[in-house]
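A short worksheet on the structure shown next.
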Amino acid sequence: MSTVTQDVRPETPPASPMDRPARSREIKNVIATVVMWLAFLIAVIPLIWILGTVLAKGGNLLLDSHWWLNSQRGITNREVGGGAYHAIIGTLLQAVVCAVIAVPIAVFTAIYLVEYGRGRFARVVSFMVDILTGIPSIVAALFIFAVWVTTLKQDRIGFAVSLSLVLLMIPVVVRSTEEMLKLVPNELREASYALGVPKYKTISRIVLPTAFSGIITGILLGLARVMGETAPLLVLGPYSKSINTDLFSGFMAALPTMINQDRSEAVDPAVNRVWAAALTLIILVMLLNIAGRLIARLSKVSK
Amino acid sequence: MAQRIDVKDLNVFYGSFKAVEDVSMSVEPRTVTAFIGPSGCGKSTFLRTLNRMHEVIAGGRVEGSVALNGRDLYAKDVDPVAVRRTVGMVFQRPNPFPTMTIFDNVAAGMRLNGERNKKLLAERVEHSLRGANLWNEVKDRLNKPGAGLSGGQQQRLCIARAIAVQPQVLLMDEPCSALDPISTMAIEDLINDLKSEFTIVIVTHNMQQAARVSDQTAFFNLAATGKPGRLIELNDTTKIFSNPSEKATEDYISGRFG
Amino acid sequence: MSSITGRSELDVEPSGDDASTGRLGDRIFSGLATGSGAFVVILIVLIAVFLLSQAVPALLDNQANFLTDRVWDLTPGDLRFGIPDLLYVTVASSIMAMLIAVPIAIAVALFLTQYAPKRLATPFGYLVDLLAAVPSIIYGLWGVKVLQPYVDPVQTFIGDYFGWIPFFAPPANTGTVFLASVVLAIMILPIVTALSREVFDQTPLTHKEGALALGATKWEMIRTAVLPFGTGGVISAAMLGLGRALGETIAVTIIVSTNPGLFRFSLFSGGETFASKIANNAAEFDTPTKAGAFIAAGLVLFILTFVVNAAARIIIERRKAFIE
């Protein structure tokens, strides 16, 4: 029972079989391949260039033990000497305090989104996390300034810097924790419920530990991000050449401000130190980044 | 002029794993050949070597020859892209390009070959849609998205798209398995019409379908799990289904396994 | 990380199960979770509220028109500040960065998903991702000290031949908006690439095979199946990159000259973005009114990035619904 139009099936002359496609199509194909490879190289060159520059111009100082143990107290621009200890310790302290505040909030937000969230409110929360991801660091800094300095009349201290870093770290940790929690198979949760384990224990004793490595990855990546931020320091954390480990009083040095302080200098010891500080910062950030990715790759819950 | 296919000593590999072993067969022009066999026996894998789609998968390669009217598809100087223009393919699940209209879908192959003449394109699109028994249903909405049709219509659209580039051979990989019985019947009628112009090879897991549409049938099977698939028997369809030579064929057809 | 595209690994609607009981542990726990979610929402609201409340007094005191007057003078009692210049430089530098970065990002994403050998695609992709790990201050430093001599000839060339167009008026200094755009482009490349990569990876195999089976070359297959499928995703990736560029602070601050005499509406002049203006004057937030003017600028930046990010997410959501 063939459907209509039997008549309209004229013989058409066949195309010559297995001719190579037109030259121009082949050429376009080859050009496209070349362009793609070139694009990749173009993308990678700046990375290598920057890393090379920083190494070349600042590497020497990092081999000096003084770099890691001393501050810049008393060192003028023309003098060689001193180190970056004050800045390194400042960066680390601010980041750790930030993490202490940000991580619990972020992890619980992720838990909400995956384990509890339903309907409208959950979508709003998710949307807001996305917005938080896109907030410029300067805006986060201004916000904390508006709250901490203008409204609460506090001084600009290391702790205020940490507060703005919290805004920047939360979204990173939320998203990666969320991913990991979603990867935990539902069967695991159901097995736990079936054994009579309440939900909160299921999450804290079974789901979280399974997702643990991913959470660590998120924390490490978040730390890498906030350690490199300069804007909050400009607004809330003026530079100091001396060591200060008190987050609640006085000026505290950090690597980005150490770089920023002397960036317009042209005299050699200062220039050398700027690049060395940059190299120190990059090493710190890259180590965290690589560690985070490695842990993700070796994680228990496979993709 | 539809072409004959001659396969000689074909072995199909994924990397070092041999998936199909030692196939030799011939397909006459303007006939329908059905490949049947249990799941995983290699019939789809083998089908895809006939238009060199097998090598699209990483590690896919063949040893042996597949000749179209005497010309080896796997000869050194043959471009796979050209082969695929000559040997068309329809897939198991209809896959019209979602961002294109019905007209653009059918014309896609021609446009890729550089055809710009609007009149010629329109003629060929109509011809192909008629050839796929879809023209009357879509002639008033050629500029609507291809994805808006029913499953059976989408599959006929894909057939129209395949025949629009005027291939010599049409390969069909379980074309009806995602369709309802009415659409299946429409496609089977269509195959019957198409064979006057094309050589058709169809993979099907539905034996009754093979019996209905094909002139000759090839039965593939695995020796054991993990072993390569083989061509067990190739014969006229009527003979395979009434009086097969091999016991394995008879067991499969009578439902003792598969 | 991949949920930046809105698509999570399992693509499952987040819907908590009903396993909570009334016990104390459950109540506390779910309270903490919901509270944290609420905290995030409140935080955004607070940001808007605080910025607004501290910008408004300064705005009310403003003798000049905030949106149209090209002036920035914060003498107490005679506040005059307007943002057109800032808006122009911010938008111009960011769009220029996008114009440079997006085509390259698309090509790199295609490379990583369609051309690179499978085993190398992940390490290669990681190399591109590492670009995002470099802190922005280092981009600024490198841009102004190392890259600048290489960009100069390009600027001079364009300035010489196309300088009659005001937009391309020849450079009068080395710290130009163009240089910042180039560096911004490098900075946003990784994020646009990563998102485009995800989208291209999701192209259903059957469409790619359909194109190949018609006798398409690899490039033609990409044009027919991969790119049309990924259009929405690439657009939202570009917008997220734009959002990033709009808010970038320190790199722009370091690179672009702020000498007021040098500002013209040219790509090759100096200038300030919202972010760099605030950063350049961060030491002068002594009075609430003065700070308020800068906070007003920050508020505009907040709104800008909010809108761009929201639009990008909406595009992703629409696309997700279409796929499913």
### Query
Tell me, side chain or backbone of A:Val235 under 4.5 Å from chain C's heavy atoms, or both, or neither?
both
### Message
So which atom in A:Ile50 and which in C:Tyr139 form the shortest heavy-atom distance, rounded to 0.1 Å?
### Response
CD1-CE2, 3.4 Å
### Query
If only atom types and distance count, is the side chain of C:Lys145 paired as donor or acceptor with the main-chain N or O of A:Arg263 below 3.5 Å?
yes
### Message
For the backbone of C:Thr217 and the side chain of A:Asn29, can you confirm whether one donor and one acceptor N or O come within less than 3.5 Å of each other?
### Response
no
### Task
Check the side chains of C:Glu248 and A:Ser137 for a donor-acceptor pair under 3.5 angstrom, ignoring hydrogens and angles.
no
### Message
With a 4.5 angstrom heavy-atom cut-off, is it the side chain or the backbone of C:Ile44 that approaches chain A, or both, or neither?
### Response
side chain
### Query
With only heavy atoms counted, which part of A:Thr230 is less than 4.5 Å from chain C, the side chain, the backbone, both or neither?
side chain
### Query
Which value, rounded to the nearest 0.5 Å, describes the distance between C:Leu51 atom CG and A:Leu142 atom CG?
6.5 Å
### Task
Give, as side chain, backbone, both or neither, the part of C:Ala297 having an atom under 4.5 angstrom from any heavy atom of chain A.
neither
### Message
Among C:Asp129, C:Val308, C:Ile222, which residue has the highest count of heavy-atom pairs closer than 4.5 Å to chain A?
### Response
C:Asp129
#### Entry: Contact origin within A:Arg156 toward chain C - heavy atom pairs under 4.5 Å
side chain
#### Entry: Region of A:Ala224 in contact with chain C, defined by heavy-atom distances below 4.5 Å
neither
### Task
State yes or no: are the ring centers of C:Phe111 and A:Trp37 separated by less than 6.0 Å?
yes
### Task
Check each atom of C:Ala38 against the heavy atoms of chain A and say whether the ones under 4.5 Å are side chain, backbone, both or neither.
both
### Summary
Okay, A:Val54 and chain C: the region with an atom under 4.5 Å from a heavy atom over there is side chain
### Task
Taking the six-membered ring for Trp and the full ring for Phe, Tyr or His, determine whether the centres of C:Tyr150 and A:Trp49 are under 6.0 Å apart.
yes
### Query
Is C:Asp26 paired with A:Lys199 through a side-chain N to carboxylate O contact shorter than 4.0 Å?
no
### Query
Where on A:Thr202 is there a heavy atom nearer than 4.5 Å to chain C: the side chain, the backbone, both, or neither?
neither
### Task
Give, as side chain, backbone, both or neither, the part of A:Ile290 having an atom under 4.5 angstrom from any heavy atom of chain C.
both
### Residue A:Leu132 versus chain C: region with a heavy atom under 4.5 Å
both
